[in-house]
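These notes are about the structure you will find just below.
In what follows, chains are A, B, ... by sequence order, proteins preceding strands, each numbered from 1. All of these numbers come straight from a predicted model, not from anything done at the bench.
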2 protein chains.
Amino acid sequence: MASLSLSRHNQLFSRPIFHRPKPNFFAPTKIRMSLTENAPSIAVVGVTGAVGQEFLSFLSDRDFPYRSIKMLASKRSAGRRITFEDKDYVVEELTPDSFAGVDIAFFSAGSSISKEFAPLAVDRGTVVVDNSSAFRMDEKVPLVIPEVNPEAMQHIKLGTGKGALIANPNCTTIICLMAVTPLHRRAKVLCMDVTTYQAASGAGAAAMEELELQTREVLEGKSPTCKIFKQQYAFNLFSHNVSILSNGYNEEEMKMVKEIMKIWNDKDVKVASTCIRVPIMRAHSMNVKLQFERPLDEDTARDILKNAPGVVVIDDREANHFPTPLEVSNKDYVAVGRIRRDLTQDGNHGLYIYVCGDQIRKGAALNAIQIAELLL
Amino acid sequence: MASLSLSRHNQLFSRPIFHRPKPNFFAPTKIRMSLTENAPSIAVVGVTGAVGQEFLSFLSDRDFPYRSIKMLASKRSAGRRITFEDKDYVVEELTPDSFAGVDIAFFSAGSSISKEFAPLAVDRGTVVVDNSSAFRMDEKVPLVIPEVNPEAMQHIKLGTGKGALIANPNCTTIICLMAVTPLHRRAKVLCMDVTTYQAASGAGAAAMEELELQTREVLEGKSPTCKIFKQQYAFNLFSHNVSILSNGYNEEEMKMVKEIMKIWNDKDVKVASTCIRVPIMRAHSMNVKLQFERPLDEDTARDILKNAPGVVVIDDREANHFPTPLEVSNKDYVAVGRIRRDLTQDGNHGLYIYVCGDQIRKGAALNAIQIAELLL
């Protein structure tokens, strides 16, 4: 099978329409200037990957101002050419010297690359926005969703010559907290149970290609090719493909538990998560059970969510229209529906909500770009 | 696209191997006699449907004894020929007179057919095992999972000339309770939250065909054909396609809540359910959060489940091997894994388990045949 570009995936599995359902508070008009002398110099690390490509797309779509941009990747990808905003770039090999003069670096090349190169970039005065899990639980590193806890990074400034690290949370954490935080602010979440339906994109572009290849093979009666995943993914689903920890939870589930406590700065909130990989291309879905300290009925919750930044409510019971991963693919917002009282909890202290969000956009690249916008 | 037979689906999406992982307590050797003069006369209503075909397959595989068998369906299917155990049958149109001399009738032709014809069959002295939802919540009708509550139907006997109705629970209820009941017996479940991953087969053979057709279409860049479902199902998932009730739960979810209370004869157990349709062919999966009255640690729970009839534990943390819908397709057992402490509950009063089961077999046809075996 020929290698699939992400744009071809967009055509196949959703409409590539850029959609802003409500004013986006993190793209004020003052920053609409793109290539500008006074703007920061930028580097994108892992620029040839799925999230790296999306970084470029957002920098352009959101008119993120920059003076210069470096395209960085592994030795294997070095030398490839990228056209960005009508200018040709050559992908450079990532080295310790790549960050001289770079103000903001977006990292999305995996944890080991971040662990090795992000501290070197910080030493050279770069503010690193890291999409890997390498530094998320480091107490000195803010873990930020701009709509949720922008205050965590308010001490980090550009132009001081002082480097810093800011971590982008895991995709499931971002999508979940976009919907849950507005309710938490009103009624305080005591307990949260999350069950996920996670897309192929979370395992990278190659995983999306494998899902497509396997699906073709199964339909032709052939044995499915299993390279990225050890078992058939087409017409199947399985517990998330990361290691299981001693408590029986997998790493993806425990990321969610720990990241939520850190982002909310709440050591008492009880969280459990079950992460399942489903044969979907690029958007995650999740069912969330919530227990609140203060009463919160479903109508009030719906109103709160309708007014939450970056959130769209799709909750039409009569038409049986609720969020789907296909509908939110290539969208910037997180969609919420199935807002209803939890039948197992008395009174108005429990709700269920169902959330979908694009794993590559708000779940990764968009959130990182929004973090950088807070620096401007 | 040519119409797909179920056996072709078996080839495409799983291996058609009949597998009994442990002794099945409901197929004792004494009933291995099939076509026998002293055995009951049988009718299969909806014999040309997905579950109807599986009824026949189980009657044969389990050597269910019968004196005669009537193949019944709608007028549209009448006249079709079916070969069963080397004998040719002609499908007859279902009429009020179809049940004269019939001892046991298996119904799987939808609720409206059951509502109209099952009482007529009972009047003629037939014991009806009904796979529809028509009578499940009728107080006078036992709702039975043989491994869970066989006592509910102990007053119903064959050969008395007295007809009766026995209802087969919804597929999600059966699969869930097969795994949860053994734990409930030990530690008493106070509260249960179920989040499902439901296959196409629950909506019938035509839904499975639509999923396959749509998948081919999407891969070819065409618009998907939406006849059974109103939206794209290929590479997508959505909230279950039944009506939403006034409390915001859909009919599928409330079936589960009510059926669990009835089968356990427990008005106090608290149940909430979220039912989602995923692009999988024929096995359902579900994540289940359990709160117990008495303490139950995960090792004890695992041991209980290993010894439960009709249940197989697949819980290999080191190999990241847990149940998948593909692995349980065409299997008679329900598979359980991800058995672990619920992090949101203190002490040993909370567990999570993850369950997969074939929707057509144990979720429908097999359970109905097992009910009939209890009558022998």
Side chain, backbone, both or neither: which part of [X] has a non-hydrogen atom closer than 4.5 Å to chain B?
X	value
V269(A)	neither
K230(A)	side chain
M254(A)	side chain
V271(A)	backbone
T324(A)	both
E318(A)	neither
D316(A)	neither
Y354(A)	side chain

Checklist entry - In Å and rounded to the nearest 0.5 Å, what is the CE to NZ distance from M137(B) to K258(B)? => result 6.5 Å
Donor + acceptor pair across side chains of [X], [Y] (<3.5 Å):
X	Y	answer
H184(A)	E293(A)	no
T173(B)	E259(B)	yes
K289(B)	T195(A)	no

If you compare all heavy atoms of [X] against all heavy atoms of [Y], which two are closest, and at what distance to 0.1 Å?
X	Y	answer
R340(A)	T274(B)	NH2-OG1, 2.8 Å
K331(B)	D358(B)	O-CB, 3.6 Å
R341(A)	N348(A)	CD-OD1, 4.0 Å

Contact class of [X] relative to chain A, heavy atoms under 4.5 angstrom:
X	result
S285(B)	side chain
Q291(B)	neither
E217(B)	neither
S223(B)	neither
D315(B)	neither

Item to check | Max heavy-atom pair count under 4.5 Å with chain A, selected residue of D193(B), D342(B), I280(B) | outcome: D193(B)
Next on the checklist: Heavy-atom pairs under 4.5 Å with chain A: which of I276(B), V257(B), N247(B) has the most?
Outcome noted: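 That would be I276(B).
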Item to check | Salt bridge E220(A)-R216(A), side-chain N to carboxylate O under 4.0 Å | outcome: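 The answer is no: the pair does not qualify as a salt bridge.
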Item to check | Ring-ring centroid check F322(B) F238(A), cutoff 6.0 Å | outcome: no
Item to check | Best-contacting candidate, P279(A), C191(A), A283(A), against chain B by heavy atom pairs under 4.5 angstrom | outcome: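 The answer is P279(A).
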Item to check | Donor-acceptor contact below 3.5 Å, side chain R317(B) vs main chain L245(A) | outcome: no
